[in-house]
Amino acid sequence: MSIHKDSGKLAIRHIRSIKSWMLCLKNTPFINKVLILSSGSAVGHLFTLALSPLLTRIYGPNDFGALGLFTSFLSVAGVAVTLQYETSIIAASDETEAASLAISAALLAIPTSALAGIALWLMMNFALLGFGTLIWYAPIALSLVMCFVGIFVVLRYWSLRQQNFRIVSQSVAVQSAARVLLQGAAGLIGLHDAGLIVGETLGRGIGMGRMFKSAWPELRGHVAQFSWSKCKRYLWRNRMFPLLTLPSSFIDALCVSLAVPLLIQHYGSNSGGNYALVWRVLSLPGVLITLAVADTFHSHLAVMVRETPEQVFKFFTRTCMTLLLAGSLPCTILILWARPLFTVAFGAQWGIAGAMASLIAPWYLGQFVVNPISRTVYVLRGQGTKLMWDVLCIISLPAVFYVAQVRQMNVLGAVRLLSIVSTVLYILYFAVVFHLVIKFHRAVSSSCIANTSIVGGTS
């Protein structure tokens, strides 16, 4: 009883700390932009929260396991759909370059989506990592959803550059709501795992259509003046994004997504489905808060580096503290009450998912804090350092499952070990990003001192 009382007091202190911190920041442009992006996501994810208990009673763990396989492949292949050229749009030197990069990246999504569908068909045909259990038309659905994702992210980065945060917010809301509503409707007519995949595909298409409708008036003039010669020059100028950012993002996505196929391979579809539900639930605040913060942080930081570089360090540390305070409350709740909350919300068959969520809580906090501020590597050109961290992550993932098998751990033991290793890696990643900011701050300070000395000597 005293434990729950103390944890309740701790939660109240967290809320008060977050409230006081947010009151200090609420009138800043950064927070206003975050709130705009978050508000649209909140509307869409209200549908997800409301219908998740229904979905977990319509679909079973095996159905969510199939969706987990499909989305894990999508998460990995999706980072290559535009060869990461979309991330260069915000930092482009002028509007012509930004538009050329956006159009080129959108065109790249067509052939890469087709190649991804072929790759999934091969994985299914040879029954690799449990993919042989997917429904036969999954490769077709994947090619469609990949194309939708590619165009969506290109238009999102274009809108962020234009400071059209409201458009991004509305499109994310429409996409989130459409996905869960279509999945619920498909389940009610008895489509089972196919319903989850079809809903995922059509929902992404609706979200892309909403984004396209909003961004097209601004891009239409640039499309009419599109030049392949300029396009090639801009693509070559930003070649570090496919050369360094692409492999880094690919490995990063592989680290996050490969856990579901590995769990299914070693512990069965039921375990994989429980794990997939955990991250489906935990991704809600990620999309609601951290993605909004990440997009705003990226846009704000790029402008700040160009115009007021001396404020970068303060902006970075303030964002980190805000995320740490905001993320510590859900982390505490997960550690203490995840299992009963999952059982009550989703049904008795999902108790194991609640146990997994409790074990994953520290890892979740690391992602919550580090993922948004990791956009620093794109602005300060630290892709090479991040790539080394990603290589370390991809090596650690199979090592975790190897140790779990050698020691004959059950599924919860494997998830616990995976969480510990992942948490340590996120702490290391934060140290890498922080070092990058410190290095930039020292260079700016040295430049300011040198300029002051020159002015003083001249006078």
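Worth knowing before you read on, the calculation uses all heavy atoms, side chains too, and leaves out hydrogens, waters and symmetry mates.
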Colleague: Set out, in order, the CA-CA distance, both residues' side-chain angles and the distance that settles side-chain contact (heavy atoms from CB on, under 4.5 Å) for V421 and Y426, then state yes or no.
Modeller: CA-CA 9 Å; V421 172; Y426 268 98; over 6 Å; no
Colleague: Taking the ring centre of each residue, are Y429 and W389 less than 6.0 Å apart?
Modeller: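 Yes: the rings meet the under 6.0 Å criterion.
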Colleague: Test side-chain contact (heavy atoms from CB on, under 4.5 Å) on W158 and I167 and set out the steps.
Modeller: CA-CA 11 Å; W158 169 261; I167 290 174; over 6 Å; no
Colleague: Measuring from S299:OG to Y157:OH, what's the distance to the nearest 0.5 Å?
Modeller: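 Rounded to the nearest 0.5 Å, the OG-OH separation comes out at 11.0 Å.
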Colleague: Test side-chain contact (heavy atoms from CB on, under 4.5 Å) on I151 and C147 and set out the steps.
Modeller: CA-CA 6 Å; I151 297 174; C147 195; 4.2 Å; yes
Colleague: Say you draw a straight line from CD of Q367 to CD1 of I360; how long is it, rounded to the nearest 0.5 Å?
Modeller: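 Interatomic distance, Q367 CD to I360 CD1, rounded to 0.5 Å: 9.0 Å.
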Colleague: Counting N and O atoms only, with roles assigned by atom type, does the side chain of Q84 sit under 3.5 Å from a partner on the main chain of V79, one being a donor and the other an acceptor?
Modeller: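 Judged by distance alone, yes, a pair lies under 3.5 Å.
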Colleague: With M356, which of L418, V415, L277 fulfils side-chain contact (heavy atoms from CB on, under 4.5 Å)?
Modeller: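 Exactly one candidate clears the test, V415.
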Colleague: Is any side-chain heavy atom of L334 closer than 4.5 Å to one of L341?
Modeller: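 Contact flag for L341/L334 side chains = no.
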Colleague: Got L120 and L74 here, is their nearest side-chain heavy-atom distance under 4.5 Å?
Modeller: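 The answer is no; the side chains never approach within 4.5 Å.
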Colleague: How about L69 and P261: do any of their side-chain heavy atoms sit closer than 4.5 Å?
Modeller: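 The answer is yes, as the side chains (C-beta and beyond) meet within the 4.5 Å cut-off.
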Colleague: With a 6.0 Å cut-off on ring centres, are F126 and F131 close enough?
Modeller: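 No; F131 has its ring centre 6.0 Å or more from that of F126.
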Colleague: Can you find a pair of side-chain heavy atoms, one from T133 and one from N62, that are under 4.5 Å apart?
Modeller: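 A side-chain contact is absent here, since even the closest heavy-atom pair is not under 4.5 Å.
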Colleague: Check A106 against V154 and note the closest heavy-atom contact, atom names and distance.
Modeller: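 For A106 and V154, the tightest heavy-atom pair comes out as N-CG2, 3.9 Å.
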Colleague: Taking C-beta and beyond as the side chain, do V400 and I420 meet within less than 4.5 Å on heavy atoms?
Modeller: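 No, their side chains stay 4.5 Å or more apart.
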Colleague: When rounded to the nearest 0.5 angstrom, what is the spacing between CG in L397 and OG in S422?
Modeller: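 Separation between the atoms: 7.5 Å.
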Colleague: Quick one, H441 and L436 - any side-chain contact, counting heavy atoms below 4.5 Å?
Modeller: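 Contact flag for H441/L436 side chains = no.
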Colleague: Centre-to-centre under 6.0 Å for F368 and W363, is that the case here?
Modeller: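 That pair fails the under 6.0 Å test.
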Colleague: Hey, could you give me the CG/CG distance between N270 and N274, rounded to the nearest 0.5 Å?
Modeller: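 Going from CG on N270 over to CG on N274, the span is 5.5 Å.
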Colleague: For the ring pair W350 and F64, is the centre-to-centre distance below 6.0 Å?
Modeller: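 Yes, ring centres under 6.0 Å apart.
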Colleague: On a heavy-atom basis, which atom in R179 and which in G203 lie closest, and how many Å separate them?
Modeller: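 What the structure gives for the nearest pair is CG-CA, 3.5 Å.
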Colleague: Just by modelled atom types, is the F346 backbone N or O under 3.5 Å from a matching donor or acceptor in the T56 side chain?
Modeller: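 Looks like yes, one N/O pair under 3.5 Å.
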Colleague: What pair of heavy atoms forms the shortest contact from L425 to S396, and how long is it?
Modeller: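 Residues L425 and S396, closest heavy atoms: CD1-OG, 3.3 Å.
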Colleague: Ignoring hydrogens and angles, tell me if any N or O in the side chain of S419 forms a donor-acceptor pair with the backbone of L359 under 3.5 Å.
Modeller: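 It does hold such a pair.
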Colleague: When you compare the side chains of Q175 and R210, does any donor N or O come within less than 3.5 Å of an acceptor on the partner?
Modeller: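 Their side chains do not contain a donor-acceptor pair, so the 3.5 Å distance test is not met.
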Colleague: How long is the straight-line distance from CZ of R239 back to OH of Y85, given to the nearest 0.5 Å?
Modeller: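 One gets 9.0 Å once the value is rounded to the nearest 0.5 Å.
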Colleague: S159 side chain to L155 main-chain N or O, any donor-acceptor pair under 3.5 Å?
Modeller: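 Yes, S159 side chain to L155 backbone: donor-acceptor pair under 3.5 Å.
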Colleague: Any donor and acceptor pair, going by atom type alone, linking the side chain of R161 with main-chain N or O of I89 inside 3.5 Å?
Modeller: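 Checked: pair present.
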Colleague: Examine distances only and state if a side-chain atom of S257 and a backbone atom of L254 form a donor-acceptor pair shorter than 3.5 Å.
Modeller: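 Answer holds: no.
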Colleague: Quick one: CD1 on I118 to OG on S113, what's the gap to the nearest 0.5 Å?
Modeller: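 Interatomic distance, I118 CD1 to S113 OG, rounded to 0.5 Å: 11.0 Å.
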Colleague: So L51 and Q183, do their side chains get closer than 4.5 Å, heavy atoms only?
Modeller: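 Of all side-chain heavy-atom pairs linking L51 with Q183, none is under 4.5 Å.
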Colleague: Taking all atoms of both residues into account, what is the closest heavy-atom pair of G351 and T343, and its distance?
Modeller: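 Where G351 meets T343 most closely, the heavy atoms are CA-OG1, 3.8 Å.
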Colleague: Would you name the heavy atoms of P372 and A294 that are closest together and state the gap between them?
Modeller: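 Minimum heavy-atom separation between P372 and A294: CA-CB, 3.6 Å.
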Colleague: Compare all side-chain heavy atoms of L301 with those of T376 and state whether any distance is below 4.5 angstrom.
Modeller: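 Yes, close enough: below the 4.5 Å cut-off.
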Colleague: Keeping the roles fixed (side chain from S358, backbone from G354), state whether a donor-acceptor pair exists under 3.5 Å.
Modeller: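 Answer holds: no.
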Colleague: What closest approach, in Å, do A302 and I90 show between heavy atoms, and which atom pair accounts for it?
Modeller: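 Looking at all heavy atoms of both residues, the shortest contact is CB-CG2, 4.0 Å.
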Colleague: Could you walk me through whether L108 and V81 pass the side-chain contact (heavy atoms from CB on, under 4.5 Å) test, one step at a time?
Modeller: CA-CA 7 Å; L108 283 171; V81 66; over 6 Å; no
